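As a basis for the values below, the full set of heavy atoms in this structure was taken, side chains included, without hydrogen atoms, waters or symmetry mates. Bear in mind the structure is a predicted one, so any value in this text is a computation, not a measurement. In the text below, chain A, chain B and the rest are named by the order of the sequence lines, each starting its count at 1.
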Amino acid sequence: MKKQFRKLAEEYQDRIYTYAWYMLHCREEAEDVTQEVLVKLWQHVDEVDPGNLRSWVMRVTRNAVIDASRRRRTRKAVFADGVEIETVADVVTSSSRGADGAVISREIRSALETALASIEEPYRSIVVLREIQGMTYAEVGEALELPLNTVKVYLHRGRRMLREELRGKV
Amino acid sequence: MQEPGKECTWILERIEPYVDDELHGEELGRFERHIESCESCAKELALAREVAHELRELPWYSCPEHVSEEAAIRIGADADEAGRTWLDRLRARFSGGILSMPRPAVAAALIVIVAAVVLVLSQKDLPFFTGGAPSGEQEVTVEELEKAKNDAILALAYVSKYCRKSGEILQNQDIAGRLNKPLEGTSIAPIRPFPLIRKETP
């Protein structure tokens, strides 16, 4: 059982964790969400059509992220604490290399991540799933339960919002 | 011919679809003709392209190993739990002896033990003090009562210190690590170590 679970975890954990991190900007909460989703994945993997498994996983992840956000709001209300938004930009060295070898400046990445954290749902989810994680429009639509054309329109709106945020900063 | 302002508005509405190669035919032609002659729209298109490019370069993050290990433990524990009786669970709960007991339970037990010891020691008519049957009438002096009370207070103070320390440990280990500090000034958070960044190949 452990071997089968490990194989499943290796296939999906980074995808789940990356999405949760971009949505919550908190490492600890992202870890909690990932663990929760991995457990649910193991419990339900036999019930899901293999062709839709990725979309199913991301739908469950999104719901877990929403629950985590609600818990965070409740905690803030009870403990009156703020939530520190982590960004990777501060720990990335002054330059890093993308897949094509281009140098990506720390400032651009920092500004982009901050801008991404500021746009509302479902635009942020769509941008993360489509642009960062490379899911198809159909997969994104299934994960977020949105029609395909709506996904396209929302993606464009999300990118336009980011453009507005970044104007003058890059 | 349309006013430049209106044409630019038309162009701006189609910048993102153009970046995604979703414009065709006459629409595409009209878009590209305007971009060639309008510096402002050309700049906007350049920014849109840069945003799209940089988004696709944002990294994936490696999930820490302990997350899947803890999930595996949960899954294993859930599978085992289904076949256990209440007695099995109780045995498992205290299989580690006193160290497996919850801290409040340990603290409460200590208080009871210490208080019992102090009360016993203050009773001089018990057989192990008198060497035989308790004497008939035995009076306890005010000083002895006061000493017993002070001993009990001291014992409770030690237990209270232990509980406070345990609470601090709990807070540092289990709670403070989960609570986040409030934002300070900027929207950029302080540096934290982060797991290895890797890029997935689609």
The interface call for L155(A) against chain B, heavy-atom contacts under 4.5 Å, is side chain
By a 4.5 Å heavy-atom criterion (distance strictly below it), what part of V128(A) contacts chain B: side chain, backbone, both, or neither? neither
Could you walk me through whether K149(B) and E146(B) pass the salt bridge (charged side-chain N to carboxylate O under 4.0 Å, His left out) test, one step at a time? CA-CA 5 Å; K149(B) 188 183 86 175; E146(B) 194 63 31; 3.4 Å; yes
Once you measure the plane-to-plane angle for Y18(B) and F31(B), does it fall in the parallel (<30°), tilted (30-60°) or perpendicular (>60°) bin? parallel
Name the orientation class of the two ring planes belonging to H25(A) and W21(A) (parallel below 30°, tilted from 30 to 60°, perpendicular beyond 60°). tilted
If you take all heavy atoms of R124(A) and A117(A), which pair is closest and at what distance? NH2-O, 3.2 Å
Interface check, chain B: of R159(A), E131(A), E36(A), E31(A), most non-hydrogen pairs under 4.5 Å belong to R159(A)
Is chain A contacted by the side chain of E44(B), its backbone, both, or neither, given a heavy-atom distance below 4.5 Å? both
